[in-house]
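Numbering of ligands and ligand atoms starts at 1, following listing order.
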Amino acid sequence: MKVITSIQEMQQYMKSLKLEGKTIGFVPTMGYLHEGHLTLINKARSENDVLAVSIFVNPLQFGPNEDFDSYPRDFESDRKLAENNGVDVLFHPSTEEMYPTKMSLTAVVHSRINVLCGRQRNGHFDGVATVLVKLFNIVQPDRAYFGLKDAQQVAVVDGLITDFNFPITLVPVAIVREEDGLAKSSRNVNLTPQERLESTKLYESLQMAKREIEKGQRNPKVIEELIKKHITGHTSGVIDYVEMYRYPELDELSELKGRIIIALAVKFTKARLIDNITFDV
Ligand code: PAF
């Protein structure tokens with residue numbers, strides 16, 4: 001596995017691989033790799049000649065009160081995990097390499113952001129889009145892999161790739177779940193044993209909603225209420241939101257038709273859990 005820290009070297013190396021006719025899969029990350037990343041890495045590994053992974057904690061996507069400085073970092077462990085999972089090129093630039101001077105131009109995301117978690121994260125997706133424009137230009141991948149756990153990020157990347165005509169196929173990767181349905185997350189360890197038992201109700205409520213839609217229920221408000229009732233009735237969690245939109249546009253649903261997302265966020269004592277399902281009606 002090659003570890004590259006220089007943008008110029010990365011760009012030249014990726015260009016040479018492309019000239020050899022190799023297909024390039026790319027998994028952008030902020031490091032501290034976990035099972036979710038490894039799922040993306042394994043999928044990308046199986047679909048491309050060359051697998052590139054980036055590790056860069058992007059300051060632009062953190063708000064003033066968010067945890068950029070304390071964001072967990074462990075490059076040695078990431079390097080080993082990447083190597084053991086078949087990564088060919090690990091791109092690990094410094095902040096100074098990526099942002100040597102204040103950017104004179106950055107991306108501004110106009111839609112798909114003022115809903116779900118994005119509503120509380122002003123400017124977050126502008127920072128994500130800006131760093132992805134840079135990373136896509138540096139890595140020049142054929143396919144880019146993103147987890148559907150953050151379905152809003154997938155929607156924003158879909159807009160970015162379409163609007164800016166990147167010759168890249170976006171590959172959304174399904175949420176990885178525990179056997180009892182709970183979406184895997186590093187935050188799950190912060191649940192109390194009782195909350196861990198209750199947490200299965202989140203996915204259960206989403207599946208219940210899907211079944212109701214399949215049976216013919218077409219009123220989004222009725223579906224949202226059903227989910228809320230299931231969660232408040234069976235867990236001690238406090239609902240942050242339960243929302244349904246057209247996907248990936250994240251527009252209001254005037255009618256329940258086409259591809260949709262049902263997403264929720266629930267706060268437990270020391271963990272805020274998110275989950276979603278996307279499907280066609
Ligand atoms: O999902 C992430 O880890 C980040 O938002 C990403 C896509 C690597 C951009 O910094």
Checklist line | Sequence neighbours excluded, every pair satisfying ring-ring contact (aromatic ring centres under 6.0 Å, His included) that has a member inside residues 234-281 | finding: His230-His234
Between ligand 1 and the protein, give all atom pairs where both partners are nitrogen or oxygen and the distance is under 3.5 Å, as lines of names plus distance to 0.1 Å.
residue, atom, partner, partner atom, Å
ligand 1, 1 (O), Gln153, NE2, 2.8
ligand 1, 5 (O), Gln61, NE2, 2.9
ligand 1, 5 (O), Gln153, OE1, 2.7
ligand 1, 10 (O), Gln61, OE1, 2.6

Next item on the list: Name all residues meeting the side chain to side chain contact (heavy atoms under 4.5 Å, CB included) criterion together with Val109; count only those two or more places apart in sequence or in a different chain, and write none if there are none.
Entry: Ile113, Phe125, Asp126, Ala129, Val156
Note to self: Counting only heavy atoms not in Arg187 (residues, nucleotides, ligands), do more than 12 fall under 6.0 Å from its CZ?
What the structure shows: no
Next item on the list: Considering only NZ, NE, NH1 and NH2 on the basic side and carboxylate oxygens on the acidic side, decide whether Glu214 and Arg211 come within less than 4.0 Å.
Entry: no
Note to self: Side-chain heavy atoms under 4.5 Å apart, restricted to Ile/Leu/Val/Met/Phe/Trp/Tyr: what other residues fall into the cluster of Leu51, or is it alone?
What the structure shows: Met1, Val3, Val27, Leu33, Leu38, Leu40, Ile41, Val53, Ile55, Phe75, Leu81, Val87, Leu90, Tyr145, Val171, Val173
Check: Does Lys221 pair with Glu225 as a salt bridge, N-O distance under 4.0 Å?
Finding: no
